[in-house]
There are 2 protein chains.
Amino acid sequence: MGSAERLRQITDAVRAAGSVGVAELAALTGASEMTVRRDLEALAEQGVLERYRGGARSLLLRGAEPPFALRSQEGLEVKRRIAAEVAGLIADGESVVLDSGTTCLEVARALEHRRLTVMPLSLHAVNALSGAPQVTLLVPGGRPRPGELALTGPLTAASLAALRFDTAVLGCCGVHATDGLTAYDLDDAAVKQAAIASSRRVIAVAEAAKFGRTALAHVAPATALHALVTDGTAPDEETGALTRAGVTVRQV
Amino acid sequence: MGSAERLRQITDAVRAAGSVGVAELAALTGASEMTVRRDLEALAEQGVLERYRGGARSLLLRGAEPPFALRSQEGLEVKRRIAAEVAGLIADGESVVLDSGTTCLEVARALEHRRLTVMPLSLHAVNALSGAPQVTLLVPGGRPRPGELALTGPLTAASLAALRFDTAVLGCCGVHATDGLTAYDLDDAAVKQAAIASSRRVIAVAEAAKFGRTALAHVAPATALHALVTDGTAPDEETGALTRAGVTVRQV
DNA sequence: CATAACGAACAAGTCTGATGTTTGAAAGAT
DNA sequence: ATCTTTCAAACATCAGACTTGTTCGTTATG
């Protein structure tokens, strides 16, 4: 679809300038004003921006993460490579708790034809696996956050506390040698902690951009990780520090 | 899609005869053999039948219910009317636990734009409501049954036990004045019981065909129901008996 | 009141998914 | 072993859905 590229252009332009007029966006994208209006309406529903008469202004705070629908398309190739590597680290028959986030969604897709027990922490991954006959799927309780569909809250905590897993696959918003794993959302962080507490082995996934970044909510120190899978462009000093902390770092 | 009708024809023919050849089915439906093969493949994946070279044999035991994908298309209009009536019985702001099944899925769709707290017991309904900004969605834990995607098991029981609802909307496989509400699946029945136990008010939905029928698993006596919504073709002696048992019966 | 922006409705173009046909391979029968 | 039937992949075709652009009446704003 050619519309994805246009949506990205509009999102970027609005985020960069704060607010942009419809005519301007039409000129930028080469599409008609009507199409731009429809796009703006769609983005407004996703919570990316706010319409006003004549244009739109960004709702994304600096540092806040863009909505799921956008992130899930970005760097798909890298995420797939990481996901394939993670799938290789998991043995048939294992029980796995799978974190929310776009990278973990790709991991779910990579596990679709494997004989495993999987509890995903996001409804996106649940849906990706609900048609897989080989996978024993467990759904945690909880309240799905809009868009993200990540499950959080006391029901999620209770579901995790009731079970023990061989492996936890965690996504994150930031990885740092001294600050460890961090997340944007406090509730999310609590769920990740519960997942770690219920698992014998912890594998983290993180594209290179996450390295050295620190988000609001602390999840766990780097030493809590057993392995971390990232792409080849991750900075050497960060991966080195993690290796020295006892984490098996895999770059694909 | 016009394929639904053909799938139904094939399912019926195979179920009636036990096993049917591909050529026969092609003649029956008027479609090419290739199309029949593709349909058989799809139905085999749904667990309706089993392929063998030259044809297919039924896997549906007499009395067992057909797969979700088929049931969800049958009698849609009736289900929608029943669902609209149920939606009318629920007040804004209520907390509702919503059973699995195709009729309850229509209820979920009818509640999409209402301001409510809803915990659906099937992933189909969860997905129907996950984009609804007005609805506070709660997901119960559990193991989704393939196809049906109804959540069952200890995690589901625990999720229900932890909460109290204003209203439970229950589907069923059979309603009978003396046998009460019954279900095909034992685990399902246990979940329905837990839903009843956690709710102040119980509304049952049942198309006319469910009346007087009794399935394997007992859920609750008719006296446990506060209201029952059905369509106009339900037999008078059954609805009368329920009314005498203290159930408010609504026919739409 | 005038102007610009909006959105509903329609038309044209595009894309996707379903269906049928062909054909080479595989399974089963003779 | 050979022949026949069935299968499934590949390609062609078609219909319907979706996207986009245009027009035009309506609405908001100065």
Side-chain angles (χ1 to χ4, degrees), chain A residues 1-14 17-59 67 69-70 72-73 76 109 112-113 127-128 131 133, chain B residues 1-14 17-59 67 69-70 72-74 76 109 113 127-128 131 133:
Chain A
M1 50 182 97
S3 72
E5 166 66 8
R6 193 181 54 241
L7 285 175
R8 200 193 50 70
Q9 277 187 298
I10 293 177
T11 307
D12 289 349
V14 172
S19 75
V20 186
V22 171
E24 243 177 295
L25 289 169
L28 172 72
T29 60
S32 73
E33 295 198 0
M34 192 61 227
T35 301
V36 170
R37 282 195 199 98
R38 283 191 270 242
D39 286 348
L40 290 178
E41 190 180 0
L43 290 170
E45 263 185 25
Q46 286 182 24
V48 180
L49 46 80
E50 187 184 29
R51 279 309 308 275
Y52 62 85
R53 195 171 181 81
R57 72 176 63 86
S58 177
L59 281 178
L70 262 53
S72 69
Q73 297 306 319
L76 248 190
R109 297 197 171 120
E112 189 173 351
H113 299 291
N127 289 328
Chain B
M1 49 183 96
S3 71
E5 165 66 8
R6 194 182 54 242
L7 286 175
R8 200 193 49 71
Q9 276 186 297
I10 292 177
T11 307
D12 289 350
V14 173
S19 73
V20 187
V22 171
E24 243 178 295
L25 289 169
L28 172 72
T29 59
S32 72
E33 295 199 358
M34 192 62 231
T35 301
V36 170
R37 285 198 196 94
R38 282 189 272 242
D39 287 349
L40 289 179
E41 191 180 1
L43 290 170
E45 261 184 27
Q46 287 182 26
V48 180
L49 47 79
E50 187 183 31
R51 277 310 307 275
Y52 62 85
R53 192 171 183 80
R57 74 177 60 86
S58 177
L59 282 178
L70 262 54
S72 69
Q73 298 305 318
E74 277 171 20
L76 246 190
R109 296 196 172 119
H113 299 291
N127 289 328

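Chain letters run A, B, ... following the sequence lines, proteins first and then strands; every chain starts at 1. For clarity, every value in this text was computed on a predicted model and none was experimentally measured.
Distance, B/I10 CD1 to C/dT19 P: 10 Å, rounded to whole Å.
Side-chain contact between A/Q46 and A/L70 is present, with at least one heavy-atom pair separated by less than 4.5 Å. With a 4.5 Å cut-off on side-chain heavy atoms, A/R8 and A/Q73 do not count as touching.
Across every non-hydrogen atom of A/R57 and A/V14, the tightest pair is C-CG1, 3.7 Å.
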For residues 37-45 of chain B, dump all side-chain donor-acceptor pairs below 3.5 Å to protein atoms at least two apart in sequence or in another chain.
| residue | atom | partner | partner atom | Å |
| --- | --- | --- | --- | --- |
| B/R37 | NH2 | B/E33 | OE1 | 3.3 |
| B/D39 | OD1 | B/R6 | NH2 | 3.3 |
| B/D39 | OD2 | B/R6 | NE | 2.4 |
| B/D39 | OD2 | B/R6 | NH2 | 3.1 |

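The stretch residues 17-29 of chain A participates, sequence neighbours left out, in no salt bridge (charged side-chain N to carboxylate O under 4.0 Å, His left out) pair at all.
Atom OG of B/S58 is separated from atom CD1 of B/I10 by 13.0 Å, given to the nearest 0.5 angstrom.
Looking at residues two or more places apart in sequence or on another chain, you find a side chain to side chain donor-acceptor pair (under 3.5 Å) between A/S32 and A/T35. Listed by chain and residue number, A/E50 satisfy the side-chain contact (heavy atoms from CB on, under 4.5 Å) test with A/L59 (two or more places apart in sequence, or in another chain).
Distances shorter than 4.0 Å separate some side-chain N or O of B/T35 from OP1 or OP2 on C/dG20.
Helix bend of the helix from C/dC1-D/dG30 to C/dT30-D/dA1: the angle between its two end axes, each built from five pairs, comes to 30° after rounding to 10°.
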Taking protein heavy atoms under 4.0 Å as touching, what does nucleotides 7-13 of chain D look like 5' to 3' if B marks base contact, S marks sugar-phosphate-only contact and - marks none? BBB----
